[in-house]
Amino acid sequence: MANLEELLGQRLKSAFEAVAGTSVDPLVRRSQHAHFQSDAALPLVRKIGGNPREIAAQVVAKAKLDDLCSSVEISGPGFINLTISDDVLGQLLADTLDDDRLGVSQVEAPETITIDYSAPNAAKEMHVGHLRSTIIGDAAVRLLEWQGHTVIRQNHIGEWGTPFGMLVEHLLDIGESEAAHELSVGDLNGFYRAARTKFDADETFKDRARKRVVLLQSGDETTLRLWRTLVDESKKYFLTVYSTLGVRLNEDDFFGESYYNDQLQSVLDELDELGLLRDSEGAKCVFPGDYLNRNGDPLPIIVQKGDGGFGYGATDLATIRHRLRNLHATRLLYVVGLPQHQHLEMVYETAREAGWLAPPARAEHIGHGSILGSDGKMLRTRAGISVKLVDLLEEAIIRASAVIAEKNPELDEETRAAVARAVGIGAVKYSDLSTDRLKDYVFDYDRMLSFEGNTAPYLQYARARICSIFRRAGIAPDRTIDTLVIAEPAERALALELLGFGTLISEVAENLEFHRLAHYLYGLASTFTSFYEKCHVLRAEGDIRQSRLALCDLTARTLALGLELLGIDAPNQM
RNA sequence: GCGCUCAUAGCUCAACGGAUAGAGCACUUGACUACGGAUCAAGAGGUUGCAGGUUCGAAUCCUGCUGAGCGCACCA
């Protein structure tokens, strides 16, 4: 079953085209003045002339709408206002009732989509700077997979390059088993800092570190083994953080920089053959597009450094080529902070110039802003260092636990711990995903953990409350009923909100603006509580009771599904 | 210097070029013999940073300016 926007759109489109004699987007959307409105008559005047109200009238006369609408009116300068009949609402809702996908079908043309996200650095702590990429990337994975796409997760961890000379030497100094221990318990900062301190203070150590880098890059077996220890322990640690966070990243998703090592020379050669490579100040570079540096000179991506080594430029190019050529991705998503925008655009441009990236394939930078403290500056600890991600998550869970203990003392310890986790982590994720990802946002535990307003706890509570209706009544939802009775304004409002889910999902899958999904869910929850105040469910009888129970069921399932797509758990009680 | 992102109610945030710019928090006022009040209803709160332009119509698009954050060669 198509959704309402599509249904109305199809009917109006053909009518518009009959009137205009040209292709027309009927511009159907939700309206404050009716259920839906079509705005297409007004812009059409620019193309074909005439009076917009008259055009609208002709369209309305031609369009078959009487089986869907109880009212079709032309209003203002030429808006077409559409009111859906209660029967249709009831019928459409009944159709979604017995569908696990709530009436939203899988995409007709599934793509292979790579998503590059999270990307922490081995032997370094995960901090708030990794939070947004990890959360947004995970939501993208969930949504696009649910739509039926083949999604390939790419955790491009930083585990190669000059710092590893110093880290390997430090590992040797303190002993392998001690190092593995430190890393496995998550003291990555301590380990890195100790190495760094020695590197800065001790010339002998610095010299060892430099030599170790050479050994590493030349493939020395012992060095590689030590390096691998560092990387493996870091990965184990990252997986515990992902587990706490509840994101779908696992061992198989690590494709770090070293994964591309044996492709770098080939990238260089290929760019050279294509004539894209130029020598510049001793380095081999590509100069995509017309980017300039601060001196007004063309800005390069350095493919091979002056010392013969490969840097991130080469790796990033190898990565995009691999995703296109070997993984056959047609949509490449990079969930990376805004500061890297220019670099990524240069990588895409290079890939286009090399002929690797060509339609229908496209690469998109899913950029995001920063997380700020209450002072409006980048979130940091009092000491001025970046906040450990695990500490931030722990704090959220502890605070959630306190709130829940206060609000519902009857929950047993085990349930409370589980709910606190869902609420605490959910609050952190939701506060991130519910704001426009391009903007910075202020991190505030009190606000995100509030049960009022546009927060995860409010949505989780709204759903838990619905679960309790069925629990209290001792019944299971009946998903076989033929149609729903929609009569009260509050029922109608809820029905329309529920039926808007499919359209919303396809929009968000396109623009990956998850705050739209968040706001939809909040609107749904608000509409539901309003309905719940006005329309008694269990006290109603017969078809009305049955219909209202079905509305409750659909709301609970839509909330749960929407939250799940955002990566947020919805406990049955809290 | 070049470029990117942002600027909306006191605060935190919404608004495919569409009708009277919407929510939440805080504030004011109502509603509890309660299907979980962890709620709901209502009120007040705005020159959408400034100035032009395009358009039947601009918070949205274009130009300039102001302000904030960030990026611009061998780190990623």
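Chain letters run A, B, ... following the sequence lines, proteins first and then strands; every chain starts at 1.
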Would you indicate, yes or no, if B/G36 has its OP1 or OP2 atom less than 4.0 angstrom from a side-chain nitrogen or oxygen of A/Tyr532?
yes
Could you tell me whether A/Lys284 and A/Asp272 have a side-chain N and a carboxylate O separated by less than 4.0 Å?
no
Suppose we define a pair by two distances each less than 3.5 Å, Watson-Crick or G-U wobble; what does B/G24 pair with here?
B/C11
Determine whether any donor atom in the side chain of A/Arg46 lies under 3.5 Å from an acceptor atom in the base of B/G57, or the reverse, and answer yes or no.
yes
Rounded to whole Å, please give me the gap between CD1 in A/Ile301 and C1' in B/A73.
11 Å
Complementary nucleotide of B/A41, counting Watson-Crick and G-U pairs under 3.5 Å
B/U29
Please classify the nucleic acid contact of A/Ser280 as base, sugar-phosphate, or nothing, using heavy-atom distances under 4.0 Å.
base
Give a yes or no on whether a donor-acceptor pair under 3.5 Å exists between the nucleobase atoms of B/A19, that is its base, and the side chain of A/Ser75.
yes
Ignoring hydrogens and angles, answer whether the base of B/A73 and the side-chain atoms of A/Asn295 contain a donor-acceptor pair closer than 3.5 Å.
no
What is the distance from CE of A/Met166 to C1' of B/C75, rounded to the nearest Å?
12 Å
Using the P atoms only, state how far B/A7 lies from B/A15, rounded to an integer number of Å.
10 Å
For the C1' atoms, the ones on B/A68 and on B/U28, what distance do you get once it is rounded to whole angstrom?
35 Å
Salt bridge A/Glu497-A/Arg30, side-chain N to carboxylate O under 4.0 Å
yes
5′-ward residue of the pair A/Lys534/A/Leu438 relative to RNA chain B:
A/Leu438
Just the atom pairs and distances: protein N or O near nucleotides 10-13 of chain B's N or O, under 3.5 Å.
unit_1, atom_1, unit_2, atom_2, d
B/U12, O2', A/Arg447, NE, 3.3
B/U12, O2', A/Arg447, NH2, 3.1
B/C13, OP1, A/Val442, N, 3.2

Suppose you measure atom C1' in B/G45 against the same atom in B/U66; what distance do you get, rounded to whole Å?
27 Å
Is a donor-acceptor pair below 3.5 Å formed from side chain A/Glu533 to base B/A31, judging by atom type as modelled?
no
When the distance from CG of A/Leu42 to C1' of B/G17 is rounded to whole Å, what number comes out?
11 Å
Kindly indicate whether the side chain of A/Ser526 and the base of B/A23 share any N or O donor-acceptor pair separated by less than 3.5 Å?
no
Using a cut-off of less than 4.0 Å, is there contact between a side-chain N or O of A/Thr529 and OP1 or OP2 of B/C40?
yes
Between A/Tyr291 and A/Arg516, which is nearer to the 5' end of RNA chain B once each is assigned its nearest nucleotide?
A/Tyr291
Would you tell me if any nitrogen or oxygen in the side chain of A/Ser450 comes within less than 4.0 Å of OP1 or OP2 on B/C25?
no
Would you say whether A/His341 stacks on B/U5? The test is a distance between ring centres of less than 5.5 Å and an angle between planes of less than 30°.
no
I'd like to know if A/Asp25 and A/Lys13 make a salt bridge, using a cut-off of under 4.0 Å between side-chain N and carboxylate O.
no
Using atom OH of A/Tyr461 as one end and atom P of B/U39 as the other, report the distance to the nearest whole Å.
7 Å
Taking the same atom, C1', in B/U12 and in B/G52, what whole-Å distance lies between them?
32 Å
Searching all strands shown, indicate the nucleotide that pairs with B/G17 (Watson-Crick or G-U wobble; both distances under 3.5 Å).
none
Taking 5.5 Å and 30° as the limits, would you call A/Phe79 and the base of B/G18 a stacked pair?
no
Whom does B/G36 pair with, Watson-Crick or G-U wobble, provided both distances fall under 3.5 Å?
none
Nearest heavy-atom neighbours spanning A/Asn155 and A/Ser118:
OD1-CB, 3.7 Å
Ionic contact status for A/Arg557 with A/Asp553, cut-off 4.0 Å
yes
Less than 6.0 Å separating the ring centroids of A/Phe531 and A/Phe528?
yes
Tell me whether the centres of the aromatic rings in A/Tyr445 and A/Phe443 are closer together than 6.0 Å.
yes
Within the 4.0 Å heavy-atom criterion, would you say A/Met378 contacts the bases, only the backbone, or no part of the nucleic acid?
nothing
Distance check, C1' atoms only: B/U29 and B/U47, in whole angstrom units.
30 Å
For A/Cys467, answer base if it contacts any base atom (sugar-phosphate contacts may also be present), sugar-phosphate if it contacts only those atoms, and nothing otherwise; contact means non-hydrogen atoms under 4.0 Å.
nothing
Look at all strands and tell whether A/Cys285 reaches a base, only sugar-phosphate, or nothing, counting heavy atoms closer than 4.0 Å.
base
Taking the ring centre of each residue, are A/Phe254 and A/Tyr259 less than 6.0 Å apart?
no
Using atom CZ of A/Phe470 as one end and atom P of B/C35 as the other, report the distance to the nearest whole Å.
16 Å
Do NZ/NE/NH1/NH2 and the carboxylate oxygens of A/Asp432 and A/Arg437 come within less than 4.0 Å?
no
Report yes if the distance between the aromatic ring centroids of A/His156 and A/Phe255 is under 6.0 Å, otherwise no.
no
Say we look at B/C32 and B/G37: how far apart would their P atoms be, to the nearest angstrom?
14 Å
Between atom CD in A/Glu257 and atom C1' in B/A76, what is the gap in whole Å?
7 Å
Please determine if A/Asp446 and A/Arg399 form a salt bridge, counting it only when a charged side-chain N lies under 4.0 Å from a carboxylate O.
yes
Does B/G71 have a Watson-Crick or wobble partner in any strand here, with both distances under 3.5 angstrom, and which is it?
B/C2
What contact category does A/Glu452 fall into here, base, sugar-phosphate, or nothing, at under 4.0 angstrom with non-hydrogen atoms?
sugar-phosphate
Pairwise C1' distance for B/A21 and B/G64, with rounding to whole Å:
25 Å
Write down the distance between CD1 (A/Ile302) and P (B/C75), rounded to a whole number of angstrom.
8 Å
Is A/Phe451 stacked on the base of B/A38, with ring centres under 5.5 Å apart and planes under 30° apart?
no
Gap between atoms CG and C1', on A/Asn121 and B/C75 respectively (whole Å):
10 Å
Counting only Watson-Crick pairs (N1-N3 plus N6-O4 or O6-N4) and G-U wobbles (N1-O2, O6-N3), all under 3.5 Å, who is the partner of B/U63?
B/A51
At under 4.0 Å, does any side-chain N or O of A/His515 touch on OP1 or OP2 of B/A15?
yes
Between B/G49 and B/G67, how far is it from one C1' atom to the other, in whole Å?
8 Å
